[in-house]
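Within every chain, numbering begins at 1; the chains are lettered A, B, ... in the order of the sequence lines, protein sequences first and strands thereafter.
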Amino acid sequence: MKANYLDDLNERQREAVISLKGPLMIIAGAGSGKTKVLTTRIAHLMRNGVDAFNILALTFTNKAAKEMKERVEKILGGNEARNLYIGTFHSVFARLLRADAPKLGYPGDFTIYDADDAKSVVKTIINELNLDDKHYKPNLVYNRISAAKNSLMGPEEYQHDYYIQQEDQRASRPLTGKIYDMYAKRCFKNGAMDFDDLLFKMYVLLKSFPEVLAKYQHKFQYIMIDEYQDTNPAQYEIVKLLGAVHENICVVGDDAQSIYSFRGATIQNILQFEKDYDDVKVVKLEQNYRSTKSILNVANEVIAKNKGQIEKNLWTDNAEGDKIKLIRTNTDNEEGKFVSDTIAEQKLRNHYNNRDFCILYRTNAQSRAFEESLRRLAIPYRIFGGLSFYQRKEIKDFIAYLRVIMNSRDEEAIKRIINYPVRGIGKTTIEKVSIYANDQNITFWQVLENARDFGFKGGTLDAIDNFVTMIQSFRIMLDKHNAYEVAVQVGKSTNMVKELFNDKTTEGLARYENVQELLNSIKEFTETPTEDGELLDNKSLGIYLQQITLLTDADNTNDENSDVVKLMTIHAAKGLEFPVVFTVGLEESLFPSGMSINSREELEEERRLFYVAVTRAKSRLFLTYANSRYRFGQLQQNEPSRFLDEMPENFVDRSYAGGGLRNTGSVGGGVSWGGMFDKKRTTPAPAASNPLARTAPKPAAAPVSTHVPTPGFTADDPATMEAGMDVEHQKFGFGKILNLEGAPNNRIATVMFPQAGGEKKIMLNYAKLMIVKK
DNA sequence: ACGAAAAACGTTTTT
DNA sequence: CGTTTTTCGT
């Protein structure tokens with residue numbers, strides 16, 4: 001191990017590391033070496049005789065947990081760190097619950113419902129109650145239930161809380177409490193816990209079974225919590241219970257980076273930590289090792305607008321660096337083009353690799369323009385977030401089989417696969433089974449097992465019986481075979497693999513490959529020994545299923561070091577850093593989000609989000625916004641974000657934002673009409689349209705499908721079209737009609753589009769053309 | 001029962 | 001605009 005691990009720390013960091021006993025709060029500013037302190041502290045604990053077995057470290061993401069574990073191992077060397085309990089709240093509690101779930105009436109192999117499963121259950125219940133789904137939107141109702149659980153409020157309490165009832169009344173959803181009650185019962189009946197239950201039930205377990213609480217209080221003598229500013233009341237209470245005996249609780253966080261209140265997190269947890277225990281030691285890490293002075297000054301000045309923060313003064317010894325660059329473009333597409341052009345230019349000028357760049361946005365939907373422009377310049381990229389691997393349809397379908405095999409009570413999973421692949425069990429049958437199950441208060445599966453007794457006959461009965469027999473055969477197989485072998489058999493027996501294999505479309509091919517990848521991951525799982533001292537030989541399918549439900553896209557670290565530009569939401573970027581950052585879409589109603597401009601609290605959270613975005617950058621930061629962008633299908637005009645006004649002038653270069661703050665000009669875009677028809681252009685987009693590309697203008701080029709329709713674009717009636725006309729198409733741009741054919745009500749035009757690869761046949765009923773010149 | 005076509009719906013952010 | 005849900009015809 002490294003002998004001098006304490007020498008690498010500054011004075012404050014060292015103080016935090018060597019304060020081993022008693023409650024400790026570390027206020028860790030952005031880029032102040034938080035992870036280093038946490039990991040060194042764990043190592044130091046162990047060097048001072050604390051058994052890894054007695055240390056619990058809770059993080060927010062799997063990725064953070066993994067990194068922490070690796071770094072501790074690096075300091076200590078060997079595999080001393082193996083017995084550490086490091087993980088996310090959710091995964092650690094899922095593991096603990098696995099042991100004691102039967103005490104609460106759940107199977108040890110309980111299913112974990114992801115948000116999709118949970119919403120689907122809510123939706124089913126709303127339908128069963130015959131409620132008007134105009135008022136009872138599954139999404140909103142589920143959010144309400146989730147918020148209740150995060151505050152440790154059960155269905156009973158919910159229905160008797162005057163204030164809550166008033167709120168639901170006002171929202172025209174008075175029966176939300178009833179739905180919550182039924183939802184909780186249904187999940188229980190299905191042997192399933194949702195994400196929030198992993199916290200909620202953990203709390204219930206500790207509260208109801210003193211011997212269980214005592215066991216863990218004894219085991220976890222030292223507790224560390226990362227990102228404490230993002231914990232919710234349930235997490236807070238659990239930590240309080242677990243740490244009550246030893247009180248060796250170390251929380252690390254930064255109130256300025258609290259960005260998860262929508263998920264029930266309360267910034268009060270960190271603001272009030274000092275009041276929760278006697279003799280709390282507070283250490284502030286204020287030296288930033290990440291960013292330039294320019295970047296840090298901008299961040300500090302903006303966040304200072306928020307009220308009621310923990311006092312701190314983040315500073316750096318780093319160079320002043322370039323000013324932050326603010327760029328305005330006309331449209332969202334031009335914003336994408338600007339960013340891609342600048343990446344290409346910066347790679348040449350400053351010798352960056354693709355991996356040095358990150359594009360940060362407020363909402364996932366914003367990624368598209370950047371994908372297109374990056375693809376056009378052949379710059380490799382990867383989007384984090386959005387649909388994770390395990391949320392793809394073909395994967396969820398396959399996993400649903402495994403879930404049903406493990407847990408016959410899992411109604412959501414059964415419904416998903418009972419007719420996939422198609423086997424003649426349709427909607428009507430499913431509905432009948434559902435009704436019988438509810439009437440008799442038995443599970444969906446039990447009805448299927450006894451289908452004949454419930455009056456199903458003929459082809460339907462055969463289909464159900466075959467399905468039941470097939471699932472049962474998988475279950476028997478599980479006794480003697482491992483998860484991988486069973487999964488392969490599932491793929492064979494159901495014909496799923498073959499079916500996907502025979503689908504030769506691009507998507508079909510991708511789906512086939514995804515399923516193969518899933519099988520590989522199961523194989524890998526069965527061949528890797530567990531690290532946490534649990535049974536090594538019998539790696540059950542149940543554990544695998546519980547694990548993958550808690551994984552997200554960002555945890556897919558296999559191409560961690562691949563040289564690609566990264567795209568993600570600001571939320572997903574928390575804890576990361578990049579040499580060059582583009583924070584895009586800085587417009588009112590987008591960032592800050594239109595949903596969050598109605599209260600000071602919400603607005604301050606948006607500002608913290610902006611702070612997080614700015615502080616991800618090490619040396620260069622570009623902020624961009626567009627005059628107008630497509631949202632909700634139509635062009636929308638936006639004012640620049642208010643956060644831009646809050647930045648100090650002397651560290652910001654606004655010369656590419658039209659000089660002033662408001663809409664007085666813009667960058668890029670201005671491709672003239674004459675240019676559009678210039679057939680000689682065949683190479684990429686004009687570099688001149690990139691304001692920061694001061695190098696000699698590159699040869700101009702014909703962008704493919706980058707066309708921005710002229711304002712007020714409206715399609716003209718196909719009947720009025722004639723050969724020889726100049727027309728505009730929304731995607732292909734301007735062109736000339738060469739020929740017209742087909743029936744009068746289904747005319748097909750041959751159009752020459754100079755900028756979109758030449759002649760195209762267009763079915764006028766589908767593609768919309770606007771006549772430019774007759 | 002099942003697919004194709006039409007209509008409706010939606011954007012914060014995620015374990 | 002793109003995706004999901006409902007409707008409709010067979």
Side-chain angles (χ1 to χ4, degrees), chain A residues 58-65 87-94 112-116 118-120 123 127 133-134 137-140 143 146 149-150 193-199 227 230-232 234-235 258-265 332-333 360-369 384-388 390-391 393 419-431 459-460 463 547-555 568-574 585 589-597 602 605-606 608-610 612-613 629-636 709 730-731 766 768:
Chain A
L58 296 171
T59 64
F60 205 63
T61 62
N62 293 296
K63 200 175 167 195
T88 65
F89 280 92
H90 294 268
S91 66
V92 167
F93 293 167
I112 297 175
Y113 276 174
D114 66 15
D116 287 337
K119 278 172 199 168
S120 160
K123 198 175 170 189
N127 286 336
D133 52 6
K134 282 277 174 295
K137 298 239 164 73
N139 232 325
L140 296 175
N143 286 344
S146 173
K149 285 189 189 174
N150 285 325
M193 296 196 197
D194 64 17
F195 285 149
D196 304 313
D197 280 331
L198 295 176
L199 308 179
E227 309 282 12
D230 286 322
T231 52
N232 62 36
Q235 292 163 326
S258 162
I259 54 175
Y260 279 101
S261 74
F262 70 92
R263 218 169 80 184
D332 44 359
N333 284 329
L360 296 178
Y361 35 75
R362 180 64 237 268
T363 67
N364 282 307
Q366 282 166 261
S367 66
R368 232 191 68 234
F384 289 79
L387 268 199
S388 91
Y390 297 102
Q391 287 175 306
K393 187 186 173 300
N419 201 30
Y420 178 82
V422 176
R423 53 172 73 84
I425 304 177
K427 224 174 103 187
T428 342
T429 309
I430 292 173
E431 210 143 86
T460 310
Q547 267 181 24
I548 58 171
T549 315
L550 296 171
L551 287 182
T552 49
D553 193 37
D555 300 321
M568 65 186 86
T569 64
I570 300 164
H571 282 89
K574 196 171 69 160
S589 88
L590 188 60
F591 191 13
S593 159
M595 317 291 290
S596 307
I597 49 176
E602 288 174 323
E605 179 148 321
E606 294 287 313
R608 290 193 292 269
L609 199 52
F610 182 66
V612 169
R629 70 173 61 239
Y630 274 98
R631 272 230 282 174
F632 250 140
Q634 50 201 341
L635 209 59
Q636 206 177 67
Q730 279 190 302
K731 276 219 179 79
Y766 302 115
K768 297 178 176 69

Legend entry - Given B:dT15, B:dT13, B:dG3, the nucleotide with the shortest approach to the side chain of A:Phe262: B:dT13

Inset, instruction - Would you mind reading off the distance between A:Asp332 atom CG and C:dC1 atom P, rounded to a whole angstrom? - result: 12 Å

Legend entry - Residue-phosphate contact under 4.0 Å: A:Asn364 side-chain N/O, B:dT14 OP1/OP2: yes

Inset, instruction - Please state how far atom CG in A:Asp194 lies from atom C1' in B:dT14, giving the value in whole angstrom units. - result: 14 Å

Kindly give the atom pairs (protein nitrogen or oxygen, nucleotide nitrogen or oxygen) under 3.5 Å for nucleotides 5-10 of chain C.
none

Inset, instruction - Examine distances only and state if a side-chain atom of A:Asp332 and a backbone atom of A:Tyr630 form a donor-acceptor pair shorter than 3.5 Å. - result: yes

Legend entry - Under 3.5 Å donor-acceptor, A:Arg631 side chain and A:Gln636 backbone: no

Inset, instruction - May I ask you to establish whether A:Lys393 and A:Tyr420 are in a cation-pi arrangement, using a distance under 6.0 Å from NZ or CZ to the six-membered ring centre and at most 45° from the ring axis? - result: yes

Legend entry - is_close_aromatic(A:Tyr260, A:Phe60), centroid dist under 6.0 Å: yes

Inset, instruction - Starting at the 5' end of DNA chain B, write a dot or bracket for each base, bracketing those in Watson-Crick or G-U wobble pairs whose two distances are under 3.5 Å and using | for partners on another strand. - result: ||||||||||.....

Taking N or O atoms only and anything under 3.5 Å, show me the protein contacts with nucleotides 4-11 of chain B, one pair per line.
from, atom 1, to, atom 2, distance (Å)
B:dC9, OP1, A:Lys134, NZ, 3.2

Inset, instruction - For A:Ile425 and for A:Glu605, locate the closest nucleotide of DNA chain B by heavy-atom distance; then report the residue assigned to the nucleotide nearer the 5' terminus. - result: A:Ile425

Legend entry - Atom-to-atom span, CG of A:Leu199 to P of B:dT15 - whole angstrom: 13 Å

Legend entry - Closest-nucleotide 5' rank along DNA chain B - winner of A:Thr428 and A:Leu551: A:Thr428

Legend entry - Side-chain touch A:Tyr113/A:Met193, heavy atoms, less than 4.5 angstrom: no

Legend entry - Euclidean distance, atom CG of residue A:Asp230 to atom C1' of B:dT15 [Å, nearest integer]: 11 Å

Inset, instruction - Return the value, rounded to whole Å, for the distance between atom CD of A:Gln366 and atom C1' of B:dT13. - result: 11 Å

Legend entry - Side-chain donor-acceptor contact under 3.5 Å, A:Thr363 with A:Gln366: yes

Inset, instruction - State, yes or no, whether a side-chain contact exists between A:Thr231 and A:Phe89 at a heavy-atom distance under 4.5 Å. - result: yes

Inset, instruction - Starting at atom CD of A:Gln547, determine the distance to atom P of B:dT15, rounded to an integer number of angstrom. - result: 16 Å

Inset, instruction - Please determine if a side-chain N or O atom of A:Asn232 lies less than 4.0 Å away from the OP1 or OP2 oxygen of B:dT15. - result: no

Inset, instruction - Can you tell me, in whole Å, how much space there is between the C1' of B:dT11 and that of C:dT6? - result: 22 Å

Legend entry - pair A:Leu550-A:Leu198: side-chain heavy atoms closer than 4.5 Å: yes

Legend entry - Out of C:dC1, B:dT13, B:dT15, whichever nucleotide has its closest atom nearest the side chain of A:Arg368: C:dC1

Inset, instruction - Tell me what A:Asn419 touches on the nucleic acid: a base, only sugar-phosphate, or nothing, going by heavy atoms under 4.0 Å. - result: sugar-phosphate

Legend entry - Validation row: A:Glu602, A:Met595 side chains within 4.5 angstrom (heavy atoms): no

Inset, instruction - For A:Lys149 and B:dT15, give me the distance from atom NZ to atom P, rounded to whole Å. - result: 18 Å

Inset, instruction - Report yes or no: does A:Ser91 contribute a side-chain atom to a donor-acceptor pair with the main-chain N or O of A:Thr88 at less than 3.5 Å? - result: yes

Inset, instruction - Determine: side-chain N/O of A:Ser596 to OP1/OP2 of B:dT13, distance under 4.0 Å, yes or no. - result: no

Inset, instruction - Report yes if some heavy atom in the side chain of A:Thr569 is under 4.5 Å from a heavy atom in the side chain of A:Phe384; otherwise report no. - result: no

Inset, instruction - Find out whether A:Arg423 and A:Pro421 are in side-chain contact, i.e. whether some heavy atom of one side chain is under 4.5 Å from a heavy atom of the other. - result: yes

Legend entry - Distance in angstrom units between A:Met193 CE and B:dT15 C1', rounded: 16 Å

Inset, instruction - Name the nucleic acid region contacted by A:Tyr260, choosing base, sugar-phosphate or nothing; use a 4.0 angstrom heavy-atom cut-off, strictly under. - result: sugar-phosphate

Inset, instruction - Indicate whether the side chain of A:Ser146 and that of A:Asp196 have a donor and an acceptor atom separated by less than 3.5 Å. - result: yes

